[in-house]
2 protein chains.
Amino acid sequence: MGDTGKQPLPRNKIIVGDCIEELEKLPAESVDLVFADPPYNLQLANELYRPNNSRVDGVDDDWDKFSSFETYDRFTRDWLAACRRVLKPNGSLWVIGSYHNIFRVGTALQDLGYWVLNDVIWRKTNPMPNFRGRRFTNAHETMIWASTGQKARYTFNYESMKALNEDLQMRSDWLLPICSGAERLRQDGRKTHPTQKPEALLQRVILAASHPGDVILDPFMGSGTTAVAAKRLGRAFVGIEREKAYAKAARDRLKSVETLDPASLQAAKGKRAETRVPFGTLVELGLLSPGTALYDPAARHEAKVRADGSIACAGAQGSIHKIGAHVQGAMACNGWTFWHYEAGGALKPIDDLRAEARQKLAS
Amino acid sequence: MGDTGKQPLPRNKIIVGDCIEELEKLPAESVDLVFADPPYNLQLANELYRPNNSRVDGVDDDWDKFSSFETYDRFTRDWLAACRRVLKPNGSLWVIGSYHNIFRVGTALQDLGYWVLNDVIWRKTNPMPNFRGRRFTNAHETMIWASTGQKARYTFNYESMKALNEDLQMRSDWLLPICSGAERLRQDGRKTHPTQKPEALLQRVILAASHPGDVILDPFMGSGTTAVAAKRLGRAFVGIEREKAYAKAARDRLKSVETLDPASLQAAKGKRAETRVPFGTLVELGLLSPGTALYDPAARHEAKVRADGSIACAGAQGSIHKIGAHVQGAMACNGWTFWHYEAGGALKPIDDLRAEARQKLAS
DNA sequence: CATGCACCTGAATCTGCCC
DNA sequence: GGGGCAGATTCAGGTGCAT
């Protein structure tokens, strides 16, 4: 992958340096998840984050909006491209921003071939009011979640997100308080970092899009919320931060963070996570004998189990799914829940037998 | 302003034609407010079926197909520039979109010199779920509100918005239902337009950013919601629509719309939904740490809280409700009152913690 | 006439694995 | 990388019919 001379991936470290330069030192395809909270002050971007850091700028007196956007766009493309190289093919990336910069980021993402999966709205319970009364209270920030491409098989812990939301699908709008109170880092009574993100936000991102043990990269580490949430949730982190003071604050903060015990980190599992049991195995294990009759819930159709794990119904024969779809005239069918067998005078789904088979196979 | 040969501004008319061509015929600086609902460029690759095998009737119209981002960007720049010419200096523009297109739109806006005032999130009370369980439910759309420039003195009816929101500043996230039921236009039982917007959404936009008597332009008129809301609120409208069938449907629809007398405009009060607090939020907010033990009132069962808001008990895992039902051998269970945590030697229902969470989340 | 239940639908970039 | 196939996957709200 052209990684000659790259350093091995430093794990659980915060690197002090320019994010693009430091990203280029990391090995390709080594990171599972990126969370980025890039700067969005366009003028600052012009001064502080010029891609080629070696050139001292002295020509910014006459910069205008256009050149400012242009500089910001170049900067955005550079760090997004650098992240893309470092991401594993099935990794994914989150970026948070506001209307000042998020459109530039989203456009750059798409132009680079990232595939947007969702835009997620962080609704703040306690936003700063609009003091002048000339606009709507700016009560949210926008996150973009993207995979490395349209075909990528990214991680999404659907069941965990559903569990977090009382058994309803997690929506694209998240209500969470801003970072304040004891969680907010302070030095001499003043906040250490101007845009410290709440841990709850990062925890949800990490729970949604990574597994325990994964490596999470934050190219704009700041006060270290990403690293804190990653450590707490049993993930490894790599942080990049150009300000020594922020890096130090983050390191200090990490010292008191404990990783949760593995049992607490177990993710809610759905059927997808279960081991696959082909229907034929039920026959092989003797849970269902060849010749047994299967019925749909209304007992309108009857099919016979055959020794090879196919079923036959009214002249047609094939898998439980194919025949289930066929008798309904449907495009597809989950035969496990469609077909039932008779037990004690009642019809029970063959899915029950699959559970039995799983137990037998596990022991 | 170089308007020689332009037609006078047609008021309360729907023009059939290409939006850019028609915009160029209109006089410069003649419009107070633009609301635009451009094609989203959805790029749907496959058919989608619900779990019950019914087909989702998605947007597959030719007008939503673009060959590349580049083509879409050019189209976007062209219509935004044309709108800019037609807008009065103190007018403003709204565009609605989704993550498929909104970043392109926002970038184009900024590049053309528009000044973003807010991005406003339309949170849908009843969005379509994510049927395959592979992403977050796409539960919102994004609107960008922009003035013609940084110095422009745009209209914002701060007090009206505050009144709509129980005397609190209107936030940048709006909760409104999608357009369905009697409001949804239908022909032969099928929806007339695939993406009809709710009147409530347009009413709020128009109330926020225009005065009675102002002229409101919609370059992608569709089924006419902008015109309907404008007429109802005593504003003039100009609509442009390429498809004759949509233009006709909009004209028919307008016939039965009455302009409200100013006094009754006060009637529409915003409803504030009570915040729903999922169990997972207690974990996210740190009110209950992962690993904490929960007990039923008699302390016969013990369950452990996990980081994703699921709980685990004797090999089973799931939501507080599911596991509560499971250990009791019941069909259902209210986990909030069933499960207790230990505090000061006593067992207290986790419902107590929900009250605390609600306070933290109160907005 | 009220209640209940079955059915329908909405701007959707919506699968994973094996061969 | 494409084809084939197993099999996993939905929430809020409106309409309309049956009881």
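Below, chain A is the first sequence line, B the second, and so on; all start at residue 1.
Counting any heavy atom pair closer than 4.0 Å across all strands shown, B:Pro127 reaches a base atom. Contacts of B:Ser98 with the nucleic acid, taken as non-hydrogen atoms under 4.0 Å apart, are absent. The residue A:Arg354 sits close only to the backbone: its heavy atoms come under 4.0 Å of sugar-phosphate atoms, none of a base.
Contact annotation: side chain of B:Arg50 to base of C:dG10, donor-acceptor pair present below 3.5 Å. The base of C:dA11 sits with one of its N or O atoms less than 3.5 Å from a complementary donor or acceptor on the side chain of B:Lys197.
Across the protein-nucleic acid pair, B:Asn53 atom CG and C:dC8 atom P stand 12 Å apart, rounded to whole Å. One atom, CG of A:Leu168, and another, P of D:dT10, lie 10 Å apart when rounded to the nearest Å. Rounded to an integer number of Å, the gap from NE2 of B:His140 to P of D:dC11 is 19 Å. Atom C1' of nucleotide D:dG7 and atom CG of B:Asn52 are separated by 16 Å, given to the nearest angstrom. At whole-Å resolution of the value, CG in A:Asn334 and P in D:dG7 are 8 Å apart. One can place CD of A:Gln317 at 12 Å from P of D:dC5, the figure rounded to the nearest angstrom. One can place CZ of B:Phe136 at 15 Å from P of D:dT10, the figure rounded to the nearest angstrom. C:dT9 atom P lies 18 Å from atom CD of B:Glu183, rounded to whole Å.
Closest to the side chain of A:Glu159, out of D:dA12, D:dG7, D:dT9, is D:dT9. Considering only the side chain of A:Ala332, D:dA8 comes nearest among D:dT10, D:dT15, D:dA8. Proximity note for A:Ser319 (side chain, C-beta onward) versus C:dG10, D:dA6, D:dT10: the nearest is D:dA6. Of all nucleotides listed (C:dA11, D:dA8, C:dC17), C:dC17 comes nearest to the side chain of A:Arg153.
Taking a pair to require two hydrogen-bonding distances under 3.5 Å in either a Watson-Crick or a G-U wobble arrangement, C:dA2 pairs with D:dT19. With both pairing distances under 3.5 Å, D:dA8 is matched to nothing as a Watson-Crick or G-U wobble pair.
Between B:Lys191 and C:dT9 there is no side-chain N or O to OP1 or OP2 distance below 4.0 Å. Taking 4.0 angstrom as the limit, B:Lys124 places none of its side-chain polar atoms (N or O) nearer than this to OP1 or OP2 of D:dC11. Of the side-chain N and O atoms in B:Arg276, none sit less than 4.0 angstrom from OP1 or OP2 of D:dC11. A sub-4.0 Å separation between OP1 or OP2 of D:dG7 and a side-chain N or O of A:His321 is present.
A distance below 6.0 Å separates the ring centres of B:Phe220 and B:Trp79. In this structure, B:Tyr246 has its ring center under 6.0 Å from that of B:His193. The aromatic ring centres of B:Phe66 and B:Phe75 sit less than 6.0 Å apart.
Both A:Trp336 and B:Thr137 lie near DNA chain D, and the one whose nearest nucleotide falls closer to the 5' end is A:Trp336.
The ring-ring contact (aromatic ring centres under 6.0 Å, His included) test with B:Trp145 is passed by exactly one of B:Trp94, B:Phe35, B:Trp174: B:Trp94.
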Mind listing the N/O atom pairs, protein and nucleotides 13-15 of chain C, below 3.5 Å?
from: C:dT13; atom 1: OP2; to: B:Tyr99; atom 2: OH; distance (Å): 2.1
from: C:dT13; atom 1: OP2; to: B:Asn138; atom 2: ND2; distance (Å): 2.9
from: C:dT13; atom 1: O5'; to: B:Tyr99; atom 2: OH; distance (Å): 3.4
from: C:dT13; atom 1: O4'; to: B:His100; atom 2: NE2; distance (Å): 3.2
from: C:dT13; atom 1: O2; to: A:Trp115; atom 2: NE1; distance (Å): 3.2
from: C:dT13; atom 1: O2; to: B:Arg135; atom 2: NH1; distance (Å): 3.1
from: C:dT13; atom 1: O2; to: B:Arg135; atom 2: NH2; distance (Å): 3.1
from: C:dT13; atom 1: N3; to: A:Val116; atom 2: O; distance (Å): 3.1
from: C:dC14; atom 1: O2; to: B:Asn130; atom 2: OD1; distance (Å): 3.1
from: C:dC14; atom 1: O2; to: B:Phe131; atom 2: N; distance (Å): 3.1
from: C:dC14; atom 1: O2; to: B:Arg132; atom 2: N; distance (Å): 2.4
from: C:dC14; atom 1: N3; to: B:Phe131; atom 2: N; distance (Å): 3.0
from: C:dC14; atom 1: N4; to: B:Pro129; atom 2: O; distance (Å): 3.4
from: C:dT15; atom 1: OP2; to: B:Arg132; atom 2: NH1; distance (Å): 3.2
from: C:dT15; atom 1: O3'; to: B:Arg134; atom 2: NE; distance (Å): 3.3

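Shown here, C:dT13 is classed syn by the O4'-C1'-N9-C4 or O4'-C1'-N1-C2 angle, which is within 90° of 0.
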Please walk me through it: do B:Thr225 and B:Glu199 pass side-chain hydrogen bond (donor to acceptor under 3.5 Å, both in side chains)?
CA-CA 6 Å; B:Thr225 307; B:Glu199 279 186 48; over 6 Å; no
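Taking a 6.0 Å sphere around NE2 of B:His326, one finds it holds 12 or fewer heavy atoms contributed by other residues, nucleotides or ligands.
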